[in-house]
Amino acid sequence: MNRSPFERYYKNPIIKRTDIPYPCSSVFNAAVCKYKNEYIMLLRIEDLEGKSHLTLARSLDGINFDIDKKPWIEPSGNPDYEPYERLGVEDPRITLVDGTYYITYTAFGPYGVRIGIGKTTNFKKFERICLATEVDNKDGILFPEKIDDKYVMVTRPGGLGGQRNDIWMAFSPDLTYWGKSRVLMHHTSGGGWSSGKIGASTPPIKTKKGWLLFYHGVRQTGSGRIYRVGAMLLDLEKPYIIKGYSKHFILGPEEPYERIGDVPNVVFPCGAILEKDNKIKIYYGVADTAIAMATADMEDIIKLCLNSSENQPAIA
Ligand code: BMA
């Protein structure tokens with residue numbers, strides 16, 4: 001029996017290291033959005049030194065991507081950013097807010113990880129806005145709309161070295177100054193599969209029933225961590241209220257390309273696209289080694305979130 005609402009693309013993975021037109025170590029965890037009539041993907045590529053940068057790719061069908069011949073976002077040399085991005089820029093997410101594409105990413109430096117925010121309107125010029133948090137914070141994702149005149153971002157403070165951690169939410173008038181932080185979901189909410197730590201995965205999708213947010217949950221085992229995916233539905237006006245969430249993980253490593261690689265047993269989505277037929281395409285890094293795609297019916301996922309009466313409270 002199929003235990004996941006997702007159907008994997010039959011020719012997964014859709015992007016592998018050998019598809020990158022320059023030497024690199026691996027490609028994974030990519031942001032995705034639609035821009036004009038194209039799908040834009042922002043790939044996390046790890047170079048041969050082990051540092052990550054971000055490279056653009058474009059596609060008309062969401063499957064076959066033309067990958068740029070050079071990186072687009074690299075660790076910044078600007079002294080305001082350099083000490084904090086020296087070891088790489090990782091795990092991007094793209095959110096369209098009021099006509100501007102905002103890119104959040106993990107800035108990785110000797111002090112730890114911080115959430116970086118930048119923007120573009122044309123996928124040519126990228127402008128950094130700020131490093132929005134101190135260390136250790138990552139998996140920052142913006143909401144596609146301001147709520148009560150504030151930008152809203154989910155974050156994941158802590159989690160260093162595999163320590164447990166939770167998903168938080170913060171608010172800002174200008175994308176630079178963030179406050180009123182609060183816990184959105186506690187790491188044991190989903191049960192054992194997410195008891196190690198959790199973090200938001202993809203930009204929230206607006207549905208009639210609420211904001212649909214995919215998140216990843218980590219289970220620590222005797223032979224390493226397993227990264228899986230769950231979904232939650234947040235109140236449209238008060239997004240810090242969880243209306244429901246999937247009782248079980250809804251996507252987990254099963255296929256050989258998800259099980260075997262640089263970091264085994266990892267499915268790690270950073271992008272999701274809601275298509276006109278209400279199907280969701282989720283793009284996810286597999287085993288920190290390649291990028292895969294799977295589709296699900298939006299209504300099925302919403303049902304899984306709302307039929308979750310047996311769940312424990314989402315926060316402790
Ligand atoms: C997380 C992040 C992801 C990575 C995952 C599995 O903490 O670093 O970029 O895919 O671990 O290694």
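In listed order, ligands and their atoms are each counted from 1. Position 1 is the first residue of the sequence; numbering continues from there.
- Between Asp68 and Arg58 a salt bridge is recorded (basic side-chain N to carboxylate O distance below 4.0 Å).
- For ligand 1, the protein residues placed under 4.0 Å by at least one non-hydrogen atom are Asn29, Arg44, Asp91, Lys138, Lys197, Tyr227, Val263, Val266, Phe268, Asp288.
- Every salt bridge (charged side-chain N to carboxylate O under 4.0 Å, His left out) that Lys34 has, sequence neighbours left out, goes to Glu275.
- Heavy-atom contacts from other residues, nucleotides or ligands closer than 6.0 Å to CG of Asp148 number 12 or fewer.
- When the shell of 6.0 Å around OH of Tyr177 is examined, it contains 12 or fewer heavy atoms from other residues, nucleotides or ligands.
- In the displayed structure, Lys243 atom NZ is contacted under 6.0 Å by more than 12 heavy atoms of other residues, nucleotides or ligands.
- Between Trp168 and Met153 there is no side-chain heavy-atom pair separated by less than 4.5 Å.
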